[in-house]
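Residue numbers begin at 1 in each chain, while the letters A, B, ... track the order of the sequences.
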Number of protein chains: 2
Amino acid sequence: MKARSHQQDEQHLTEQLGATGLRLTPQRQQVYDVLLHKRDHPTAEEVFIRAKKTMPEISHATVYNCLDALVKSGLARQVTLDRGATRFCPNMHEHGHFHCDTCGTVFDVDLPAQTMPLPKGFQAEHFDIAIHGTCPDCASRK
Amino acid sequence: MKARSHQQDEQHLTEQLGATGLRLTPQRQQVYDVLLHKRDHPTAEEVFIRAKKTMPEISHATVYNCLDALVKSGLARQVTLDRGATRFCPNMHEHGHFHCDTCGTVFDVDLPAQTMPLPKGFQAEHFDIAIHGTCPDCASRK
DNA sequence: GTCAAGATTTAGAACAATTCTAAATTACAA
DNA sequence: TTGTAATTTAGAATTGTTCTAAATCTTGAC
C-alpha cells in the first residue's frame with residue numbers, strides 16, 4: 001500500500017468530496033486525518049476525542065456530519081459489529097473485519113477475490129463481511 | 001425447508017436453551033414464536049410490540065433478555081446493518097443478508113459454500129455477510 | 001408436599017449513541 | 001459586495017439498550 005503525502009491526501013479529499021457535492025472544510029480534513037492517523041476502527045466518540053486534541057472547538061454533531069460526509073464520498077467505511085457504537089475505517093480496499101470477541105480488537109482482513117452470486121434482480125452496491133472469533137494473541141494466551 | 005410442528009418447535013427450544021443452562025419460559029416461547037411467525041427481521045422494539053398482542057404484560061427488558069437467550073442458545077441470530085437498531089432472524093442456516101437501501105427490506109440470501117481464508121492464528125467463530133443494494137422490486141420501479 | 005436458592009420477569013430509571021434544532025459562521029457565485 | 005446555500009456549533013431531544021431492585025416463578029433437597 002503506497003502512502004500518500006499529506007498534500008495528495010488533501011487533493012484526494014477535495015476531489016472525492018466535490019464529486020458528492022460537498023466542500024472540504026477544516027473539520028472534515030481534521031476528522032479524516034484522525035482516521036488516517038490511527039487505523040484502529042474508532043467509534044464516532046473516539047474520533048471526537050482525538051479530533052478535539054488539535055481542534056478543541058469541534059463539536060459532536062460536526063464529527064457525525066464529517067464522518068457521514070466521508071462515508072458518502074467513498075473516503076471511509078462504516079463498520080457495524082454487534083449492538084455497540086458504529087466504527088469507522090479509512091481503508092477502502094475490499095476487505096472484511098475480524099472482531100476478536102476476547103479483546104475487542106478489530107482487524108482488517110483480505111478477502112478472496114470472488115463475486116457474490118445473488119438471486120435474479122438483486123443489484124448489489126457493496127457488501128460487508130464481519131468475522132467473529134479469537135485473534136492470534138488471545139488464542140495463544142488461552 | 002421442512003416446517004416443524006409447534007410441538008417440535010417447543011422441544012427444540014427446550015433442548016437448545018437447556019444446553020446453554022437456560023429455562024424455557026412462556027416469554028421466551030412467545031418471543032421465539034414472534035420471530036418464527038413473521039420472518040421479516042424485526043427489531044427488538046418490533047418484537048416487543050408483536051409479543052404484546054398475545055402477552056400484554058411482557059416488558060421491554062424481558063424481550064431483550066429473551067432475544068439474548070435465543071441468540072446465546074443458537075436459536076436466532078442478530079443482524080446489524082448500519083446505525084439503526086439490531087434486527088433478529090430465526091434462520092440458522094448459513095446465509096447472508098441483503099438490505100435494500102431503497103425500501104429497507106432485509107432479505108436472506110444463500111451463500112456459496114466456501115471457507116473464509118484467514119491469516120495464521122485467527123480462529124473464526126462465525127461470520128456475517130451484509131450486502132447493500134437495490135432489491136428487484138425497487139430496481140424495476142426505477 | 002414444603003421450602004430455600006437461584007433464575008426470571010417487571011416497571012421504570014439510567015445510560016449510550018445518534019439525530020435534530022435554531023442560531024451563528026463561512027464559502028461561493030453572481 | 002451581497003445574497004444564497006452549506007456548514008458548524010451547543011445543547012436539547014430522541015432512540016436503542018442496559019441496569020436495578022423488588023416481585024414472581026422453578027427446581028431440587030428434604
Side-chain angles (χ1 to χ4, degrees), chain A residues 10 13-34 41-52 54-73 75-76 78-88 104 106, chain B residues 10 13-34 41-52 54-73 75-76 78-88 104 106:
Chain A
E10 184 171 327
L13 251 174
T14 310
E15 278 169 14
Q16 293 286 109
L17 286 168
T20 325
L22 300 166
R23 296 178 186 158
L24 174 58
T25 64
Q27 288 84 352
R28 284 174 184 163
Q29 174 124 247
Q30 169 65 15
V31 165
Y32 191 50
D33 283 350
V34 165
H41 306 88
T43 62
E45 182 64 22
E46 286 163 344
V47 172
F48 174 61
I49 291 166
R50 294 177 196 175
K52 263 175 101 109
T54 46
M55 190 179 265
E57 348 64 56
I58 199 168
S59 84
H60 230 135
T62 300
V63 170
Y64 277 96
N65 168 349
C66 293
L67 288 169
D68 284 347
L70 295 174
V71 170
K72 279 207 198 93
S73 314
L75 288 155
Q78 272 183 285
V79 182
T80 48
L81 302 157
D82 307 318
R83 248 129 77 172
T86 300
R87 300 169 170 282
F88 294 86
V106 178
Chain B
E10 182 169 330
L13 252 175
T14 309
E15 279 170 14
Q16 294 285 108
L17 286 169
T20 325
L22 299 167
R23 296 177 186 159
L24 174 56
T25 65
Q27 288 84 351
R28 284 174 183 164
Q29 173 124 247
Q30 169 66 15
V31 165
Y32 191 50
D33 283 350
V34 165
H41 306 86
T43 62
E45 181 65 22
E46 286 164 343
V47 172
F48 174 61
I49 291 167
R50 294 177 197 174
K52 263 173 100 109
T54 47
M55 191 180 264
E57 347 65 55
I58 200 169
S59 84
H60 232 132
T62 300
V63 169
Y64 277 95
N65 167 348
C66 293
L67 288 169
D68 283 349
L70 294 174
V71 170
K72 279 209 199 92
S73 314
L75 289 154
Q78 275 183 281
V79 182
T80 47
L81 301 158
D82 305 317
R83 249 128 77 173
T86 300
R87 301 170 169 281
F88 294 86
V106 178

N/O (side chain, Gln27(B)) to phosphate O (OP1/OP2, dC25(D)) under 4.0 Å: no
Interatomic distance where CG belongs to Leu17(B) and C1' belongs to dT8(C) [whole Å]: 12 Å
Closest listed nucleotide, where the reference is the side chain of Leu22(A) and the choices are dT7(D), dT9(C), dA11(C): dT7(D)
Where protein sits on nucleotides 17-28 of chain C, one letter per nucleotide: B base, S sugar-phosphate only, - none, heavy atoms under 4.0 Å: SBBB------SS
Distance, rounded to the nearest Å, where Arg28(A) contributes CZ and dT7(D) contributes C1': 7 Å
Five-pair end axes of the helix from dG1(C)-dC30(D) to dA30(C)-dT1(D), angle between them (10°): 30°
Atom pair CD (Gln27(A)) and OG1 (Thr62(A)), whose distance is rounded to the nearest 0.5 Å: 6.0 Å
Interatomic spacing from CZ in Phe88(B) to CD in Gln78(B) - rounded to 0.5 Å: 5.0 Å
Separation of atom CD in Gln78(B) from atom C1' in dT17(D), rounded to whole Å: 11 Å
Atom-to-atom span, CZ of Phe48(A) to C1' of dG11(D) - whole angstrom: 12 Å
Touch class at under 4.0 angstrom, heavy-atom based, for Thr62(B) against every strand present: base
Rounded distance (Å) that lies between atom P of dT9(C) and atom CG of Leu67(B): 11 Å
Protein-nucleotide distance (Lys72(B), atom NZ; dT8(C), atom C1'), rounded to Å: 13 Å
Set of side chain to side chain contact (heavy atoms under 4.5 Å, CB included) partners for Lys72(A), sequence neighbours left out: Thr20(A)
Contacts of type side-chain hydrogen bond (donor to acceptor under 3.5 Å, both in side chains), residue Asn65(B), not counting sequence neighbours: Arg28(B)
Rounded distance in Å - CD1 (Ile58(B)) to P (dT10(C)): 6 Å
Residue pair Lys52(B), Ile49(B): steps toward the side-chain contact (heavy atoms from CB on, under 4.5 Å) verdict: CA-CA 5 Å; Lys52(B) 263 173 100 109; Ile49(B) 291 167; 5.8 Å; no
side-chain contact (heavy atoms from CB on, under 4.5 Å) between Ile58(A) and Val31(A), worked out: CA-CA 10 Å; Ile58(A) 199 168; Val31(A) 165; 4.2 Å; yes
Pairs flagged by salt bridge (Lys or Arg N to Asp or Glu O under 4.0 Å) wherever residues 59-70 of chain B is involved - sequence neighbours left out: Arg83(A)-Asp68(B)
Length of the line joining Glu46(B):CD and dT17(D):P, which is rounded to integer Å: 11 Å
Straight-line distance of Glu15(A) CD to Leu24(A) CG, nearest 0.5 Å: 11.5 Å
Partners passing salt bridge (Lys or Arg N to Asp or Glu O under 4.0 Å) against Arg50(B) (at least two apart in sequence or in another chain): Asp40(B)
